[in-house]
Amino acid sequence: MLITALKTPDEIRASAGAKTVIISCEGCKEVHFPEAEALALYQELKDSGNALKVIRTEYVCSPENLTVQTKKHLDLIESADTLVVFSCGVGVQSVSEKFAKKPVFAGCDTIPLPGYQGVTPLEVDCDQCGECYLNSTGGICPIASCSKSLVNGQCGGCKDGKCEVDKEMDCAWERIYKRLEKLELLENMKYPAKLRNFAP
């Protein structure tokens, strides 16, 4: 079972650019989604002129489905400054992979509970670790994508972009650096490692 909790309204407002497209995943029946609170935030962003569109869909964790569901909105997504995704961490990472040239931000934290998690065929995961780091790391999870789950940068064991623990695995922090560099968000790398709230 998945349980998502909205990030604070201030954090979501800070993530929203001048032109934001919101993608809200409503696929997993196992996900408890704070619908009323989210709708109030959608409306606030729309009223302030920050939200261009709210795309309410399902299973954004599936690249094929995400492609189909966003096809008619591609011009709007292209014109957006940022994408804010209301889903578990897998959905945020899927959107980040699909729209790699756009800053993608999580609107939710995923509370740790064991159980079924989406329908994604990707090799991305959400460790359901509470306070989500994806907003600081370009939509690439340092917890699930790094063999050592490091949150404060590369370990120093990376060689030719590969992890020292698994030579077939790309170093998560090298991927994060390259993504942030492409998005011109390298300032995000300066954030101090923080104690995570495991139960938002």
Side-chain angles (χ1 to χ4, degrees), residues 1-7 11-12 15-17 19-43 45-46 51-135 137-145 170 172 175-176 179 183 200:
M1 184 173 184
L2 288 173
I3 302 289
T4 53
L6 286 182
K7 287 186 173 291
E11 192 170 357
I12 293 170
S15 298
K19 296 186 292 183
T20 297
V21 168
I22 295 169
I23 299 175
S24 178
C25 181
E26 299 164 8
C28 293
K29 296 193 183 303
E30 291 83 2
V31 175
H32 166 73
F33 185 69
E35 185 75 23
E37 295 93 331
L39 287 172
L41 271 167
Y42 300 164
Q43 195 59 50
L45 290 170
K46 287 178 88 172
L52 296 174
K53 177 77 176 176
V54 178
I55 302 169
R56 298 179 72 179
T57 183
E58 54 187 31
Y59 302 117
V60 297
C61 58
S62 165
E64 292 81 9
N65 186 61
L66 181 62
T67 297
V68 170
Q69 296 295 331
T70 56
K71 186 175 182 180
K72 64 183 176 184
H73 305 291
L74 289 180
D75 288 344
L76 205 56
I77 290 170
E78 185 59 35
S79 69
D81 297 320
T82 57
L83 306 177
V84 177
V85 183
F86 289 83
S87 79
C88 71
V90 177
V92 178
Q93 292 175 81
S94 297
V95 172
S96 181
E97 284 292 315
K98 169 77 176 167
F99 301 106
K101 295 180 180 178
K102 294 285 176 187
V104 176
F105 296 98
C108 298
D109 292 316
T110 308
I111 298 171
L113 286 173
Y116 177 74
Q117 182 174 270
V119 295
T120 184
L122 300 176
E123 292 182 7
V124 295
D125 201 0
C126 174
D127 279 0
Q128 304 170 19
C129 55
E131 191 175 6
C132 189
Y133 278 108
L134 289 170
N135 290 354
T137 57
I140 297 169
C141 180
I143 310 295
S145 299
D170 291 333
R175 290 175 54 221
I176 289 167
R179 172 72 58 79
L183 296 172

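Here the closest non-hydrogen pair linking Gly89 and Thr110 is N-OG1, 3.6 Å. Nearest heavy-atom pair across Leu183 and Pro103 is CD2-N, 3.8 Å. In terms of heavy atoms, Val21 sits closest to Ala80 at CG2-CB, 3.8 Å. Across every non-hydrogen atom of Cys108 and Thr4, the tightest pair is CB-CB, 4.1 Å.
The backbone N or O of Ile176 sits nowhere less than 3.5 Å from a side-chain atom of Thr137 that would complete a donor-acceptor pair. With hydrogens and angles ignored, the 3.5 Å screen pairs no side-chain donor or acceptor of Ser96 with any backbone N or O of Val92. Side chain of Thr57 to backbone of Ile23: no donor-acceptor contact under 3.5 angstrom is found. A side-chain donor-acceptor contact under 3.5 Å links Asn135 to the backbone of Ala106.
Lys46 has its side chain within reach of Val54: a pair of non-hydrogen atoms, C-beta onward, lies under 4.5 Å apart. Side chains of Leu45 and Ile22 form a contact here, defined as non-hydrogen atoms less than 4.5 Å apart. Between Thr20 and Phe105, the closest side-chain pair of non-hydrogen atoms is not below 4.5 Å. At least one side-chain heavy atom of Ser94 sits less than 4.5 Å from a side-chain heavy atom of Val90.
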- Query: When you look at Arg179 and Glu97, which way does the salt bridge (Lys or Arg N to Asp or Glu O under 4.0 Å) test go after all the steps?
  - Reply: CA-CA 10 Å; Arg179 172 72 58 79; Glu97 284 292 315; 3.2 Å; yes
- For side-chain contact (heavy atoms from CB on, under 4.5 Å), just list the numbers for Arg56 and Leu39, CA-CA rounded to whole Å, side-chain angles, deciding distance to a tenth of an Å, and then say yes or no. CA-CA 11 Å; Arg56 298 179 72 179; Leu39 287 172; 3.6 Å; yes
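Atom NZ in Lys7 sits 8.5 Å away from atom CD1 in Ile12 (nearest 0.5 Å). Rounded to the nearest 0.5 angstrom, Thr82 OG1 and Ile77 CD1 are separated by 11.5 Å. Taken to the nearest 0.5 Å, the CG atom of Asp81 stands 7.0 Å off from the NZ atom of Lys102. One distance of note links CD1 of Ile140 with CZ of Arg175; it measures 4.5 Å at 0.5 Å rounding.
Of the listed residues (Leu134, Val104, Val85, Val60), just one forms a side-chain contact (heavy atoms from CB on, under 4.5 Å) with Gln93, and that residue is Leu134.
Here ring-ring contact (aromatic ring centres under 6.0 Å, His included) pairs that include residues 75-96, with residues two or more places apart or in two chains, are Tyr42-Phe86.
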